[in-house]
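A short worksheet on the structure shown next.
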Amino acid sequence: MNENIRKHLKILNELGFDEIFFQQELKKAVDIDEKKKLLEKINKEIQECKKCDLYKSRTQAVLGEGNLNAKLMFIGEAPGGDEDKQGRPFVGRAGKLLTRLIEATGHKREEFYITNICKCRPPNNRTPTPWEMEACFPYLEEQLKIIDPKVLCLLGATAARAFLKRNVAITKERGSVITWNGKLLYLTYHPAYVLRNPSAEITLFEDIKKAIELAYSS
Ligand code: URA
Ligand code: SF4
């Protein structure tokens, strides 16, 4: 280690900062920088991607946003109109509900990473087809490798179907925890479903709380 850095660490140590803590913080910053670069590369690819017909209906592809070291990732279906315009996931009506429910648990949206199965907006916000989801899935797999969350909170039957490769009856299967490639899938409702069925809001809230607890438990 460079003498100057050692001197500074000694001063920090005397001020109460522990050397190991300092090094860990430094490593985290370097990791985040690396992760940012890798994600920017994927973002460039999706902006040009024509692997499925959804490229025709997008203003821009929406990669996702949030904490690049998140323990928990929220995964929706595909961008809607507001997301397509702003280039950010879950910022429309459903997104505002999701944000409000996350914050009602005492956590912040920025603690987590938020993305979708399909990165481009389907025409008239229709559900993406199984083929479109399959075409886009490798981008999500890349994001999972880079961010490496412990828990994936799948919002709605469509997101669950993309992972499980089978039909999912979400009212029956919500609340289940399924092991998938060394990660945990937590199935719950899509916030847009809750907008149409307000009595399900409390369940979505409880599910978000449980997914967070699962992500932060050792
Ligand atoms: N619905 C989704 O599934 N994803 C979004 O980003 C917004 C609405
Ligand atoms: Fe490519 Fe995914 Fe957009 Fe289809 S939805 S064009 S696979 S980025």
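Quantities reported herein were computed from a predicted structural model and do not represent experimental measurements. We count ligands from 1, going down the list as the structure has it; atoms in each ligand are counted the same way. All residue numbers refer to positions in the sequence shown, counting from 1.
Separating the CG atom in Leu184 from the OG1 atom in Thr179 is a distance of 5.5 Å, to the nearest 0.5 Å. Of the inter-residue distances, the one linking Glu45 atom CD with Lys119 atom NZ reads 12.0 Å to the nearest 0.5 angstrom. The distance from atom CD1 of Ile102 to atom CG of Leu204, rounded to the nearest 0.5 Å, is 9.5 Å.
The set of protein atoms (N, O or S) found at less than 2.8 Å from atom 3 (Fe) of ligand 2 reads Cys120 SG, by chain and number.
Contacts between Ala192 and ligand 1, counted as non-hydrogen atom pairs separated by less than 4.0 Å, are absent for every part of the residue. Contact annotation: for Glu77 versus ligand 1, heavy atoms closer than 4.0 Å belong to both the backbone and the side chain.
A salt bridge is absent between Lys37 and Glu40; no separation between the charged side-chain nitrogens and carboxylate oxygens falls under 4.0 Å. Of the charged side-chain nitrogens involved, none lies within less than 4.0 Å of a carboxylate oxygen, so that Asp82 and Arg88 do not count as a salt-bridged pair.
Aromatic ring pairs are classed by plane angle as parallel below 30°, tilted from 30° to 60° and perpendicular above 60°; the pair Phe163 and Trp180 is perpendicular.
Contact annotation: Gly95 has no heavy atom less than 4.0 Å from any atom of ligand 1.
Below 4.0 Å from some heavy atom of His190 lie the following atoms of ligand 1, by number and element: 1 (N), 2 (C), 3 (O). Taking every heavy atom of Gly76 and a limit of under 4.0 angstrom, the matching atoms of ligand 1 come to 3 (O).
Of all heavy-atom pairs between Ala162 and Ile117, the closest is CB-CD1, 3.6 Å.
By the neighbour-count criterion of 12 heavy atoms within 6.0 Å, atom CZ of Phe21 is sparsely surrounded, having that number or fewer from other residues, nucleotides or ligands.
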Steps toward side-chain hydrogen bond (donor to acceptor under 3.5 Å, both in side chains) verdict (Tyr186, Asp207) = CA-CA 8 Å; Tyr186 190 97; Asp207 278 349; 2.8 Å; yes

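Considering backbone and side-chain N/O of Pro89, none are found under 3.5 Å from N/O of ligand 1.
Of the listed options Gly156, Gly81, Ala78, Ala159, Ala78 places a heavy atom closest to atom 5 (C) of ligand 1.
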